[in-house]
Amino acid sequence: MHFSETDTRSLLDQIERYYDAVPRSSARAEDFGPLTLFVPTAGSWPFYGRPALAWQGPAATAGDVRRVRERQRELGLPETFEWVDENAPGLRAAVEAAGLTVHAHPLMALDPGAPTPPSDPSVRLLAADAPELASALAVPRVAFAEPGTAVGTAGAAELAAFTAVVERDGTVDRVAARIRAGLTVTAAALAADGSARCSGMHQPVDGVTEVVGVGTLPDARRRGLALAVTACLVADARARGAGTVFLSAGDEDVARVYARAGFRRVATALIAEPAESA
């Protein structure tokens, strides 16, 4: 299925509201005219600057972006912005003029008629107190440090190191609190020893949810684990009544993997950061 122009516009409107809503459970919004900066509350992770929802005034300029960046530096936050290109087509030029580097990613939505693949017995949803949660939260950090879809070298040793990090830096406690509150759902493909080989999340808000952070240990790639984890998250999202399920793929190769799970490209997600972080 290809989404019609009307369907796509409706999807992008829903996604725009979602991107504005999802940080508000753990951040406060600061107004910068055409831009909004989400400032995390105590114990939360950093969020981003983005276009102000339903802004009717002049388009954001490089000066507006610089004002947000100054505030991010003042607060010790990453100087990042995230938005949908088709929803704010002039923002990329302003962001680049303000000195940031922009990365483009396929934005994909689940075909409502796509069948949910059969469940994989190695994949399950994790409760807030699951002993496997720390390992599941560490897997994407290992995966994203060695990006791509090819089989890599990082495996058990790297997973153990990152598991210690997420236990120490408060990540496990933050995600556990969100699981208890129904704000985050985590799924993982588990090995026989109980450690995660692939994991991901979705974050439901008002019938819309985004699948995020799906990552596979590099030495466990090409086994269908990412699709199995995504299928588990999609099944849970549908069971919770989500009418719109979407994600941003890392690149075109990853987008082709998600296409096999019924996701179709609807737009382009943009992420901006300082050049030295690129």
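- Between the side chains of Thr61 and Asp64, at least one donor-acceptor pair of N or O atoms lies under 3.5 Å.
- Listed for the Trp83 side chain is no donor-acceptor partner under 3.5 Å among the backbone atoms of Glu86.
- Between Phe81 and Leu91 the shortest side-chain heavy-atom distance does not fall below 4.5 Å.
- Scanning all heavy atoms of the two residues, the minimum distance from Glu146 to Thr153 falls at OE2-N, 3.1 Å.
- Of the inter-residue distances, the one linking Phe47 atom CZ with Gln72 atom CD reads 13.5 Å to the nearest 0.5 angstrom.
- The existence of a salt bridge linking Arg141 and Glu158 is excluded, since no basic side-chain nitrogen approaches an acidic carboxylate oxygen closer than 4.0 Å.
- Leu270 is listed as a side-chain neighbour of Arg92, based on a closest heavy-atom distance under 4.5 Å.
- Residues Leu126 and Ala136 come closest through the heavy atom pair CD1-CB, 3.6 Å.
- Nearest heavy-atom pair, Ala128 versus Ala176, reported as atom, atom and distance to 0.1 Å: CB-O, 3.5 Å.
- In terms of heavy-atom proximity, Met108 sits nearest to Ala255 at CE-O, 3.4 Å.
- Side-chain contact annotation: Glu273 with Thr80, donor-acceptor N/O pair under 3.5 Å absent.
- Distance check, rounded to the nearest 0.5 Å: CG of Asp236 to OG1 of Thr186 gives 10.0 Å.
- Checked against a 6.0 Å centroid threshold, the rings of Tyr18 and Phe246 count as neighbours.
- The residues Glu252 and Arg256 are annotated as not salt-bridged, no charged nitrogen and carboxylate oxygen being separated by less than 4.0 angstrom.
- In terms of hydrophobic clustering, with Ile, Leu, Val, Met, Phe, Trp and Tyr side chains grouped at heavy-atom distances under 4.5 Å, Val214 and Val234 are assigned to a common cluster.
- Between Ser248 and His105, the side chains place no donor N or O within less than 3.5 Å of an acceptor N or O (distance only, hydrogens not considered).
- Here CG of Asp120 is found 7.0 Å from CG of Leu225. Values are rounded to the nearest 0.5 Å.
- Contact detail for Ala127 and Leu133: the closest heavy-atom pair is O-CD2, 4.4 Å.
- Contact annotation: the side chain of Pro204 never approaches that of Glu210 to less than 4.5 Å [non-hydrogen atoms, C-beta and beyond].
- Here the SG atom belonging to Cys198 is positioned 8.5 Å from the CG atom belonging to Leu217, to the nearest 0.5 angstrom.
- A donor atom on one side chain and an acceptor atom on the other are found under 3.5 Å apart for Arg9 and Asn87.
- Of the possible polar contacts, none joining the Arg69 side chain to the Glu79 backbone as a donor-acceptor pair under 3.5 Å is found.
- Note that NE2 of His202 is 5.0 Å distant from OG1 of Thr209, once rounded to the nearest 0.5 Å.
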(message) Pair Ser199, Glu132 - check side chain to side chain contact (heavy atoms under 4.5 Å, CB included), show working.
(response) CA-CA 11 Å; Ser199 69; Glu132 302 89 356; over 6 Å; no
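- For the atom pair Thr244 OG1 and Leu110 CG, the distance stands at 9.5 Å (nearest 0.5 Å).
- The hydrophobic clustering, which links ILVMFWY residues whose side-chain heavy atoms are closer than 4.5 Å, places Val205 and Leu233 apart.
- Considering only heavy atoms from C-beta on, Leu35 stays 4.5 Å or farther from Arg50 through its side chain.
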(request) Start with the C-alpha gap between Arg66 and Glu70, add the side-chain angles, then the distance that decides, and say whether salt bridge (charged side-chain N to carboxylate O under 4.0 Å, His left out) holds. (result) CA-CA 6 Å; Arg66 292 189 188 100; Glu70 288 169 4; over 6 Å; no
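- Checked by atom type and distance alone, the side chain of Thr41 pairs as donor or acceptor with a backbone atom of Ser26 at under 3.5 Å.
- Under the side-chain contact (heavy atoms from CB on, under 4.5 Å) rule, Leu107 has a single partner from Leu247, Asp85, Leu12, Thr268, which is Leu12.
- Heavy atoms only, all atoms of each residue included: Pro51 and Ala88 are closest at CG-CB, 3.9 Å.
- For the side-chain contact (heavy atoms from CB on, under 4.5 Å) criterion with Gln203, the lone passing option out of Val211, Leu183, Val212 is Val212.
- In the hydrophobic clustering of this structure, Leu137 does not group with Val142; members are Ile, Leu, Val, Met, Phe, Trp, Tyr whose side-chain heavy atoms approach within less than 4.5 Å, directly or through other members.
- With hydrogens and angles disregarded, no donor-acceptor distance shorter than 3.5 Å links the side chain of Ser195 to the backbone of Ala191.
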(request) Applying side chain to side chain contact (heavy atoms under 4.5 Å, CB included), run through Val102 and Ile271 and close with a yes or a no. (result) CA-CA 6 Å; Val102 177; Ile271 299 174; over 6 Å; no
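- A single hydrophobic cluster is not seen to contain both Leu77 and Tyr48; linkage of ILVMFWY side chains at heavy-atom distances under 4.5 Å, directly or through other members, places them apart.
- A distance-only check finds a donor-acceptor pair linking the side chain of Arg264 to the backbone of Ala259 [under 3.5 Å].
- Not counting sequence neighbours, the partners of Arg24 by the side-chain hydrogen bond (donor to acceptor under 3.5 Å, both in side chains) test are Asp20.
- Side-chain contact between Arg124 and Leu190 is present, with at least one heavy-atom pair separated by less than 4.5 Å.
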(message) Determine whether Tyr19 and Val84 satisfy the following criterion, side chain to side chain contact (heavy atoms under 4.5 Å, CB included), listing intermediate values before the conclusion.
(response) CA-CA 9 Å; Tyr19 276 142; Val84 178; 3.8 Å; yes
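- In this structure, the side chains of Val175 and Trp45 come closer than 4.5 Å at one or more pairs of heavy atoms.
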(message) Please evaluate residues Thr216 and Arg222 with respect to the criterion side chain to side chain contact (heavy atoms under 4.5 Å, CB included), reporting the C-alpha separation (whole Å), side-chain torsions for both, the decisive distance (0.1 Å), and the verdict.
(response) CA-CA 9 Å; Thr216 304; Arg222 301 293 178 91; over 6 Å; no
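- Residue Asp206 qualifies as open at atom CG: its count of foreign heavy atoms under 6.0 Å is 12 or below.
- Linking ILVMFWY residues whenever their side-chain heavy atoms come closer than 4.5 Å, directly or via other members, places Val123 and Val245 in the same cluster.
- Judged by distance alone, the side chain of Glu96 and the main-chain N or O of Thr101 form no donor-acceptor pair under 3.5 Å.
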